[in-house]
Amino acid sequence: MKRLGMGLVGPGFVGAHHIDAVRRLGFVDVVAVAASSAASARRKADALGVPKAYGSFEELVADPDIDVVHNTTPNYLHVPVILAALARGKHVISDKPLATTAADARLLLDAANKAGVVHAVTFNYRGNPLVQQAREMIAAGELGPVHFIHGAYLQDWLLETTDFSWRLEPEKGGASSAVGDIGSHWCDLVQHVTGRRIVEVLADLTTVIDTRLKPAASSEAFARSGDAARESVRIHSEDLATVLLRFDDGAKGSVSVGQVCAGHKNGLWFEVNGRQASIRWEQERQNELWIGRRNAANAVLAKDPSLLAPGARGYAHLPGGHQEGWADAFCNVMRDVYGVIAAGARPGAPHPPAFATFEDGYHSACVVDAILESHRQGAAWTRVGALTAAEAVR
Ligand SMILES: NC(=O)c1ccc[n+]([C@@H]2O[C@H](COP(=O)([O-])OP(=O)(O)OC[C@H]3O[C@@H](n4cnc5c(N)ncnc54)[C@H](O)[C@@H]3O)[C@@H](O)[C@H]2O)c1
């Protein structure tokens, strides 16, 4: 198999996991990282065992040894980094959210299609074997007609006034904080699993902590920033959200999203109720899938490749009883995306399920925009729009 060169822009919290995941594929060479300065890029490259370090993303995308550019920068840099990579004809794997507005996401989708390269967004929970099992079961009609899709994505790492992230600054994270950051994962996941699209939303957003003490030096996500000097800043974006959902086939739903919920570390869960059965998957117990029935005993399917549907089996790499985790699911996403790149497939060609494209990233941005708009309108039902290419021009 031809080896592929990978370069990563933004070697922070999640960037290290992109590097770890592609290394496990066996045919990808991690060529370079780019950070905000030459010195920090060199430091990160040395820590991650990466040969080349660049002080700007423009230099990285120009490197002829790089076939695939990974974007793991703070959200406000996604547009310039991705456009620069596409202009050089590189395949692009961007972390979520693809962009901070639907208009920007549309711009990136159109640019990627025009460049004719492979484009992907790391909605990494798709890579969990039992997520794929849930998807197979729903597609096979095992739940019967689905009427309710609900759940939550709760964390607590922004609970204290001294907790801070660029995600809370609209000019860096976007107008939405919790919804754009983690609500986007939940919405993509349930749409992926159920095969249904969110078409209308009614949202109530809250900023529980409206003043925070921002450290003078920035810190990575989930990191406590210690006793650094701080300034008091007003926060305008939401850290808590409740959203009612309507799906395209008439199914109803709801989701709670918050990053100020004590005890919840990465508490993503969803439940799907059909006329014959229910299923529930919890990220923090990701090796179990709950199956609920009315006229038979409920069951918990423990992840075991020999018990999974054929389409889900390939996402489990260890035998039953051997737990798989977040990083394994992340690697599954990379395996799906790099498999398509290695096969020389073009965008639009069929692709494996854990592979979310810029089209998915764009739809996700439309959902986030609709949630913000619903809240602005005083919690009014709001359609998830789709911008035309002309509307997307900045
Ligand atoms: N898929 C997931 O589960 C997941 C998890 C965390 C973050 N993310 C996403 O990944 C992205 C990064 O988040 P993070 O938590 O890793 O943030 P982070 O702050 O830990 O890392 C961002 C990195 O980008 C670097 N950077 C800043 N400006 C730069 C520039 N001009 N050029 C190059 N690099 C620059 C920073 O120095 C830092 O190393 C965000 O879009 C976030 O939404 C996704």
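One-based numbering along the sequence shown. Just so you know, ligand 1 is whichever comes first in the structure, and atom 1 is the first atom listed for that ligand.
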Which segment of K96 sits under 4.0 Å of ligand 1 when only heavy atoms are counted: both
Ligand 1-proximal atoms of S165, by part, heavy-atom distance under 4.0 Å: neither
Ring geometry between H351 and F355 (parallel below 30°, tilted from 30 to 60°, perpendicular above 60°): tilted
Proximity to ligand 1 by part of V81, non-hydrogen separation under 4.0 Å: neither
Nearest non-hydrogen partners of T161 and T211, listed with the distance: CG2-O, 3.8 Å
Part of N124 with heavy atoms under 4.0 Å of ligand 1, whether side chain, backbone, both or neither: side chain
Within-shell test, G180 vs ligand 1, heavy atom, strictly < 4.0 Å: no
Any R167 heavy atom less than 4.0 Å to ligand 1: yes
Counterpart residues, side chain to side chain contact (heavy atoms under 4.5 Å, CB included), relative to A370 (two or more places apart): V201, T382, V384
Set of residues satisfying side chain to side chain contact (heavy atoms under 4.5 Å, CB included) with respect to A21, sequence neighbours excluded: F330, C331, M334
Pick from F57, Y125, W166: the one approaching atom 13 (O) of ligand 1 most closely through a non-hydrogen atom: W166
Polar contact flag, side-chain donor to acceptor under 3.5 angstrom, Y153-N266: yes
Which segment of Y54 sits under 4.0 Å of ligand 1 when only heavy atoms are counted: neither
Shared hydrophobic cluster for L8 and V22 (ILVMFWY, side-chain gaps under 4.5 Å): yes
F123, portion touching ligand 1 at heavy-atom distance under 4.0 Å: neither
